[in-house]
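Please read the structure below before turning to the comments.
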Amino acid sequence: KAGVTQTPRYLIKTRGQQVTLSCSPISGHRSVSWYQQTPGQGLQFLFEYFSETQRNKGNFPGRFSGRQFSNSRSEMNVSTLELGDSALYLCASSEDGRPPTFFGQGTRLTVV
Amino acid sequence: GQQVMQIPQYQHVQEGEDFTTYCNSSTTLSNIQWYKQRPGGHPVFLIQLVKSGEVKKQKRLTFQFGEAKKNSSLHITATQTTDVGTYFCAGPSNTGKLIFGQGTTLQVKP
């Protein structure tokens, strides 16, 4: 089985721009969750999707949004980027009812 | 708000020594997960504990879930250099959001 695939792996953006990150879960997994990891705040939950529906959302501003497609692939979007959005963004997939089990390699976003 | 605290933040051990990290939640957890993240890598799921007082073993790793389901521990016997990394615990909040501890970074001197 192929693992969780996140694209792109690295991204550099300017303040004020927007960015879209992609996550392809393990085949058959319909649950996808997203996390932000920074040295200061650690791992923080962003969203969880299951069968195209957002099941839960973390405490992030509305600039952070996401969606899931019928093939379970998910995207997250960050608009009006701020320097503080620089982070490693991780997605994880799992079977329904299971904790996030398989993480992707992450997208390293740098905002300058 | 609900918090999950982990101690210690860092631990340096000599290869062969034991290591333990502790996870404490401000509220009762329905379950708890443990993950390991190697430097430059992504979190890898280790285990989920669900029952009060549960103890699970994976080779040299022993995981415990407290009787009150508010704390957990991960113990590694006879550490090896391959154990290097950051160990995170995580549990669901009362609204289902996953809350991670800050992690314990383990360094092992050969």
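Residue numbers start from 1 in every chain, and the chains themselves are labelled A, B, ... in the order their sequence lines are given, proteins ahead of strands.
- When the candidates A:Ser94, A:Pro100, A:Gly106 are compared by the number of heavy-atom contacts under 4.5 Å with chain B, A:Pro100 comes out ahead.
- Looking only at side-chain heavy atoms (C-beta outward), A:Leu109 and A:Ser86 stay at 4.5 Å or farther from each other.
- Residues A:Leu46 and A:Tyr35 fail the side-chain proximity criterion, which asks for heavy atoms closer than 4.5 Å.
- Per-residue heavy-atom pair counts under 4.5 Å with chain A were compared for B:Gly101, B:Gly96, B:Gly103, and the maximum is reached by B:Gly96.
- In terms of heavy-atom pairs under 4.5 angstrom with chain A, the leader among B:Leu46, B:Leu98, B:Thr86, B:Ile99 is B:Leu98.
- In this structure, chain B has a heavy atom under 4.5 Å from the backbone of A:Gln41, while its side chain stays farther away.
- Both B:Leu49 and B:Ile76 belong to a common hydrophobic cluster when Ile, Leu, Val, Met, Phe, Trp and Tyr are linked at side-chain heavy-atom distances under 4.5 angstrom.
- Annotation: side chain of B:Cys23 is in contact with side chain of B:Trp34 (closest heavy-atom distance under 4.5 Å).
- Per-residue heavy-atom pair counts under 4.5 Å with chain B were compared for A:Arg55, A:Gln105, A:Glu48, and the maximum is reached by A:Gln105.
- Heavy atoms closer than 4.5 Å to chain B are found in the side chain of A:Leu90, but not in its backbone.
- When each of A:Gly104, A:Gly58, A:Ala92, A:Ser33 is scored by its heavy-atom pairs under 4.5 Å with chain B, the top score falls to A:Gly104.
- A side-chain donor-acceptor contact under 3.5 Å links B:Thr104 to the backbone of B:Pro8.
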**Report entry** Residues A:Gln68, A:Gln54; criterion side chain to side chain donor-acceptor pair (under 3.5 Å); working and verdict
**Finding:** CA-CA 8 Å; A:Gln68 187 180 31; A:Gln54 187 180 89; over 6 Å; no
